[in-house]
Amino acid sequence: MSHDGKPIRTGAVVDAGTAAANKTGSWRSKRPVFDNDKCIACGLCETYCPDGCVAIGEDGSFHPDYEYCKGCGICETVCRSDAIVMEEERK
Amino acid sequence: MSELTMMEGSLAVALSVGVCRPNVISAYPITPQTHIVEDLAKLVAEGDLAAEFINVESEHSAASVVLGASATGARSYTATTSQGLLLMTEVLYNIAGMRMPVVLTCANRAVSAPLSIWNDHQDSFSVRDSGWIQLYAEDNQEVSDMHPQAFRIGEDPDVLMPVMVCMDGFLLTHTYEPIEVLDQDMVDSYLPRFEPEYRLSTADPKSFGCFLDPVWYMEGRYAIEAAIEGAREKVRQAAKDFTALTGRDYGCLIDEYRSEDAETILVAMGSLVSELRDFVDSEREAGRKVGLVKIRCFRPFPKEELLNALGGARHVIVLEKAVSLGYGSILGPEIKALFYGRSDVPAMDVYTAGMGGREILPETLSAIIGAGPGDADGHWLGLKPELLEGRSS
């Protein structure tokens, strides 16, 4: 959480949406890789993602949001068509 | 003086909460708190109280509802006891940390196991570190009078902390006493509107109690501690102003009864205090200089008042209805700690008493007073060793 050096408000109140500054994708040790050829567009990954990190493109295809995805792997577990594989992050 | 009406303590509380004009009430029934919320639900159902009563499936949910309601700026109230209070605990810390001035009535009851529905103070003592201001009433008029004070103290812009009004289960909740029911106009003049600086609103979204990493967290907690420490003067003023309106004086952070020239001073909380007033009178009639100090506000702790009231006394006897398992007494050691390094430390005996509704008998108290200062350090008063398995004596 970034407060830019400002004092903490009573009750630790912050404006809505400020958590967007906290790019939790940096926590990830494994990343989900989506194979859109295997994807049957059932939407389970988007439904189950606990952090809302699966986006639906204009063409109906599913894509992970690597800025915030923590790499929990739930999407890989629930995927019915083996279209999602967790791969080691290598930097 | 207004007329007195004979009524149960729980109804007195419900009527008092009603004239505080709460916007949201949420609670889950549990003995011996049930009559309070039943009476409030009836007031709402019959159109005598313009509040929203939200039924829930548990005390954790009730606490969560009043937390969210308070965040929107609603004056919010709940009541519980014992296991219900323990189930609320996780939310109690959040209510305090988010600085929500919720008022909760705790109908003090022993905790399980063993199962007991009778009175002691183990439930509210167990959450003494949660940030809630804790007030303890000695009779039903006092607990009735305490609720407008609780809302005023908690909602004060310099405080913004939740307040727990503690009343002994059954001994007060189910006891009928003559009550002067609080007048709506009087309470309206005493209790200003709740005007929080921040409100939960879809028009101006905010997050409350946000994530603070190690760079910020200590300051976040320090601010809460500073707020409750600073509440002492507000507790005093709320009591004094209420006394000015009603003529009834139950003390501020503490109350002293015949203690000034006393050789032995009893220290107690809750309904035991009202019984000890009679006991002190009978001891005085028998020629023994006994006095009484009531702790009315347990958090924030009345440090200055207790030092003044007990400093230099020949013999102080603390009677407390709770235990820190693995350490012993709670209140007694807190009082002792006040005197660390001071020259006016009194001889002090600390007794665990009245657990789970066990009677505290006047002849027992007369005996420990007559014996003079001893070495009681959490000694269980009136314990029956013959009931302990393998320990018959």
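First the proteins, then the strands, lettered A, B, ... as listed; each starts at 1.
- Only the side chain of B/Tyr198 comes within less than 4.5 Å of a heavy atom of chain A; its backbone N, CA, C and O stay farther away.
- Heavy atoms of other residues, nucleotides or ligands lying less than 6.0 angstrom from CD of B/Glu304 number 12 at most.
- Note that CD1 of A/Ile8 is 8.0 Å distant from SG of B/Cys210, once rounded to the nearest 0.5 Å.
- Distance check, rounded to the nearest 0.5 Å: CE of B/Met98 to OG1 of A/Thr10 gives 14.0 Å.
- A 4.5 Å side-chain heavy-atom check between B/Arg99 and A/Arg9 finds every atom pair outside the cut-off.
- Annotation for B/Glu197: atom CD does not count as buried by contact number, only 12 or fewer foreign heavy atoms lying within 6.0 Å.
- Within a 6.0 Å sphere centred on NZ of A/Lys30, other residues, nucleotides and ligands contribute 12 heavy atoms or fewer.
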